[in-house]
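See structure below.
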Amino acid sequence: MMLMNKVALITGASRGIGKEIALKFAQNGAHIIFFYKNNAALAHGTAKEIQKLGRKVLPIQVDVSDYASVSEAREIIRRHFDGIDILVNNAGLFQDSLFVNMSQEQWNTVIHVNLTGTFHCTRIFVDELFQSRGGGCVINMASIAGIYGNIGQTNYSASKSGIIGFTKALAKEVASKNIRVNAIAPGFIETGIWDGLPDHILEKALKKIALKRVGTAADVANVALFLASDYAGYITGQVIDVDGGIGLSVL
Ligand SMILES: NC(=O)c1ccc[n+]([C@@H]2O[C@H](COP(=O)([O-])OP(=O)(O)OC[C@H]3O[C@@H](n4cnc5c(N)ncnc54)[C@H](OP(=O)(O)O)[C@@H]3O)[C@@H](O)[C@H]2O)c1
């Protein structure tokens with residue numbers, strides 16, 4: 001049990017990578033608070049799965065892009081838990097468009113959810129993390145698009161690059177309070193987030209993946225578990241690519 005009795009807050013865990021992280025953490029002894037935005041039915045299904053593992057669980061409907069919504073969640077959480085040890089800023093979305101067609105709304109939505117949402121949650125829960133017995137931990141979900149850039153994703157790539165800069169700067173600021181801050185940069189992970197993406201884009205990506213398969217949410221959750229655990233106790237300010245080696249495809 002790598003996270004026995006730790007309290008973890010995971011944003012965007014009704015489905016996909018966030019859900020897998022929530023289940024993995026719960027299997028390893030953590031109590032789970034998680035945020036979702038729209039899918040109450042899915043969120044309650046996830047909560048039931050966590051409950052079956054014998055851990056406490058608190059799903060809350062929150063829009064991470066709205067500071068007031070995250071603040072209200074903090075008040076709810078304080079009624080149920082003494083503190084938080086682990087924050088995973090995972091909630092995210094994309095709204096792709098070639099830059100010449102990109103609307104201000106597409107730009108703002110993606111930046112507000114992915115980047116500003118990460119700021120809101122970290123800013124509002126940093127005091128809880130400061131009080132964590134044994135040291136707090138923040139894990140931010142970046143993307144390889146934030147490292148290499150991706151056509152049609154200037155907004156998404158900018159939001160994820162921003163998360164990487166945020167991770168490194170915050171790691172320096174809070175290290176003296178025994179908080180570690182790291183990021184994960186997934187490649188192509190099968191979750192449903194790419195529903196609607198043309199097949200030829202996925203086929204092109206697959207050719208570049210050294211391991212010749214797309215990733216699973218479990219591939220990412222395993223790395224999140226490691227980063228949240230004492231095994232990563234001397235790691236901070238780092239970005240770990242979970243991309244099957246797509247980043248090696250330059251040569
Ligand atoms: N899948 C990939 O290939 C991939 C690659 C690189 C990086 N990532 C990153 O990994 C993270 C998770 O991706 P995923 O594929 O698991 O996505 P997903 O399956 O689409 O799930 C997204 C989750 O975020 C929640 N969410 C969306 N907007 C929100 C908001 N404003 N406030 C609160 N929650 C919100 C959703 O809640 P509802 O269910 O209620 O809508 C859902 O739980 C994202 O940050 C994504 O950018 C994914």
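What's counted below: heavy atoms across the whole structure, side chains too, no hydrogens, waters or symmetry copies. Counting starts at 1 for both ligands and their atoms, following the listed order. Only a predicted model underlies this, so the values are computations on that prediction, with no experimental measurement involved.
Between Phe81 and His31, the ring-plane angle classifies as tilted under the 30° and 60° cut-offs.
Using a cut-off of 4.0 Å between Lys/Arg side-chain N and Asp/Glu carboxylate O, Glu128 and Arg78 are scored as salt-bridged.
When each of Thr122, Thr11, Thr118 is checked for a side chain to side chain donor-acceptor pair (under 3.5 Å) with Asn89, only Thr122 meets the rule.
With sequence neighbours excluded, no residue forms a salt bridge (charged side-chain N to carboxylate O under 4.0 Å, His left out) with Asp96.
Closer than 4.0 angstrom to ligand 1 sit non-hydrogen atoms from Gly12, Ala13, Ser14, Arg15, Gly16, Ile17, Tyr36, Lys37, Asn38, Asn39, Val62, Asp63, Val64, Asn90, Ala91, Gly92, Val113, Met141, Ala142, Ser143, Tyr156, Lys160, Pro186, Gly187, Phe188, Ile189, Thr191, Ile193, Trp194.
A donor and an acceptor atom, one from each side chain of Thr167 and Asn140, are located under 3.5 Å apart.
Two rings, from Trp194 and Phe94, have their centers 6.0 Å or more apart.
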